[in-house]
Chemist: 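The structure follows.
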Amino acid sequence: MFSPLRRLAGCCPTALQQLQHLQQFQPNRLVHLTAYQFKGHSKWQNIKATKGKNDMIKSKATNFLLRKVKGADKPEVEYTFDIIGPAGTFFIVTAETSNKKALENDLRKYFNKIGGFRLVADGGVRSWFEEKGVVHVDVKKDGKEMTTEQMEEVGLEFDVEEVLLVEEDNTKKFELICEPKSLSNLESQLGKGGFSILQSEIEFRAVHPIECPEAESVKIQKLYEMLQEDEQVRQIFDNISADE
């Protein structure tokens with residue numbers, strides 16, 4: 001459901017220090033790094049947490065920091081890959097690697113195992129998406145849970161396009177959507193206003209989401225699982241309807 005706002009107008013720690021801090025976590029605890037939280041509005045991007053997934057996330061976080069410490073001679077660069085899938089599905093994958101060609105080969109290997117996916121030239125599916133600034137905010141402020149109507153009033157004040165109440169794993173949060181150029185200012189204003197910001201970044205949102213045929217759902221789920229296991233992959237976006 002779309003909100004009425006839809007159309008209204010110090011010093012950072014080094015990678016080594018982060019790695020040392022990461023190693024203090026107990027084996028059964030989930031390490032949360034924003035870079036590895038897969039987002040989106042389809043069930044594929046919200047595969048339910050399991051022990052295996054938790055272990056994978058922690059391992060990816062550790063490997064990510066290790067590469068930062070040991071790979072200084074080959075700096076990693078962020079790349080974006082456009083993918084066409086079955087039944088009119090499109091995907092945009094962002095990844096960080098020091099060898100783009102090798103990662104492209106890895107992606108093709110995944111596609112060959114699953115079938116029905118292929119890489120296209122940079123920007124090949126970009127017209128089916130739009131970039132949006134997205135801020136996730138805790139539903140509680142000053143110890144009290146805010147209503148959607150209250151958050152929409154805040155959104156009007158800060159020129160937010162859309163306000164959504166999202167629930168994942170029995171946890172509620174507000175999702176505020178704005179133009180990319182307004183993201184930094186929105187985050188700043190929310191912080192000054194006493195809101196707890198959970199996450200803030202630029203995302204690709206499908207302009208015309210589609211329904212995924214049940215016959216192709218298994219392939220798409222396998223794609224997500226393979227990409228999530230690749231430590232170079234940072235985010236995945238698709239044009240699949242949120243109701244899928």
Chemist: Is it true that Glu201 and Gln235 share a donor-acceptor pair across their side chains at a distance under 3.5 Å?
Modeler: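 Gln235 vs Glu201: donor-acceptor pair found between side chains.
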Chemist: Are the side chains of Phe91 and Ile220 in contact, using a 4.5 Å heavy-atom criterion?
Modeler: yes
Chemist: Pair Met146, Val139 - check side chain to side chain contact (heavy atoms under 4.5 Å, CB included), show working.
Modeler: CA-CA 6 Å; Met146 296 185 64; Val139 294; 5.7 Å; no
Chemist: What distance do Cys178 atom SG and Ile202 atom CD1 have between them, rounded to the nearest 0.5 Å?
Modeler: 7.0 Å
Chemist: Side chains of residues 185-196: which donor-acceptor pairs under 3.5 Å do they make with residues two or more places apart or in other chains?
Modeler:
from: Glu187; atom 1: OE1; to: Ser200; atom 2: OG; distance (Å): 3.1

Chemist: Could you check whether any side-chain heavy atom of Phe174 comes within less than 4.5 Å of a side-chain heavy atom of His136, counting everything from C-beta outward?
Modeler: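 Side chain of Phe174 against side chain of His136, heavy atoms only: no contact under 4.5 Å found.
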Chemist: So which heavy atom on Lys222 is nearest to which on Ile114, and how close?
Modeler: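 Looking at all heavy atoms of both residues, the shortest contact is C-CD1, 3.8 Å.
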Chemist: Below 4.5 Å, heavy atoms only, C-beta onward: do Lys113 and Met226 meet side chain to side chain?
Modeler: yes
Chemist: Does Lys141, at its NZ atom, have more than 12 non-hydrogen atoms belonging to other residues, nucleotides or ligands within less than 6.0 Å?
Modeler: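 For Lys141, atom NZ is crowded (more than 12 foreign heavy atoms under 6.0 Å).
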Chemist: Taking the side chain as C-beta and beyond, is there a heavy-atom pair between Val135 and Gln199 under 4.5 Å?
Modeler: no
Chemist: Which atoms form the tightest heavy-atom contact between Ser241 and Pro209, and what is the distance?
Modeler: CA-CB, 3.8 Å
Chemist: Thr97 and Asn99: which non-hydrogen atoms are nearest, and at how many Å?
Modeler: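 Closest pair (atom of Thr97, atom of Asn99, distance): OG1-N, 3.0 Å.
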Chemist: Starting at CD1 of Ile177, measure out to CD of Glu130 and round the result to the nearest 0.5 Å.
Modeler: 9.0 Å
Chemist: Measuring from atom NZ of Lys109 to atom CG of Asp230, what distance do you get when rounded to the nearest 0.5 angstrom?
Modeler: 11.0 Å
Chemist: Are any side-chain N or O atoms of Asn239 and backbone N or O atoms of Gly88, one a donor and one an acceptor, separated by less than 3.5 Å?
Modeler: yes
Chemist: Assess the residue pair Tyr224 and Ile236 against the criterion (side chain to side chain contact (heavy atoms under 4.5 Å, CB included)); give the C-alpha distance rounded to whole Å, side-chain angles, the decisive distance to 0.1 Å, and a yes or no.
Modeler: CA-CA 8 Å; Tyr224 268 91; Ile236 315 169; 3.4 Å; yes
Chemist: List the atom of Val134, the atom of Glu175, and the distance in Å for their closest heavy-atom pair.
Modeler: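 The pair with the smallest heavy-atom distance is CG1-CG, 3.6 Å.
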Chemist: How about Phe90 and Phe129: do any of their side-chain heavy atoms sit closer than 4.5 Å?
Modeler: yes
Chemist: Locate the shortest heavy-atom distance separating Glu104 from Leu119; write the atom from each residue and the value.
Modeler: O-CD1, 4.1 Å
Chemist: Does any non-hydrogen side-chain atom of Ile83 lie less than 4.5 Å from one of Arg118?
Modeler: no
Chemist: Does some side-chain heavy atom of Lys144 sit less than 4.5 Å from a side-chain heavy atom of Asp142?
Modeler: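 With C-beta onward as the side chain, the pair stays apart.
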Chemist: Please determine whether salt bridge (charged side-chain N to carboxylate O under 4.0 Å, His left out) holds for the pair Lys132 and Glu162, giving the CA-CA distance in whole Å, both sets of side-chain angles, and the decisive distance to 0.1 Å.
Modeler: CA-CA 11 Å; Lys132 291 295 181 181; Glu162 185 176 349; over 6 Å; no
Chemist: Within the distance-only criterion (no hydrogens, no angle test), does the side chain of Asp82 pair as donor or acceptor with the backbone N or O of Gly123 below 3.5 angstrom?
Modeler: yes
Chemist: From Leu103 CG over to Glu96 CD, what is the distance, rounded to the nearest 0.5 angstrom?
Modeler: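 Rounded to the nearest 0.5 Å, the CG-CD separation comes to 11.5 Å.
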Chemist: Taking atom OG1 of Thr94 and atom CD of Gln232, what is their separation to the nearest 0.5 Å?
Modeler: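 Answer for the OG1-CD pair, Thr94 versus Gln232, is 12.0 Å.
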Chemist: To the closest 0.5 Å, what do you measure between CG (Leu165) and NZ (Lys172)?
Modeler: 6.0 Å
Chemist: Could you tell me whether the side chain of Arg234 reaches within less than 4.5 Å of the side chain of Glu78, counting heavy atoms only?
Modeler: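 Contact flag for Glu78/Arg234 side chains = yes.
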Chemist: Using the rule given for side chain to side chain contact (heavy atoms under 4.5 Å, CB included), can you reason through Thr80 versus Val93, listing the C-alpha separation, both sets of side-chain angles and the distance that settles it, and then say yes or no?
Modeler: CA-CA 6 Å; Thr80 302; Val93 173; over 6 Å; no
Chemist: What are the two closest heavy atoms between Phe204 and Phe237, and how far apart are they?
Modeler: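 Phe204 and Phe237 have their closest heavy atoms at O-CD2, 3.4 Å.
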Chemist: Could you check Leu223 against Phe111 for side chain to side chain contact (heavy atoms under 4.5 Å, CB included), going step by step and ending with a plain yes or no?
Modeler: CA-CA 8 Å; Leu223 175 69; Phe111 300 161; 3.8 Å; yes
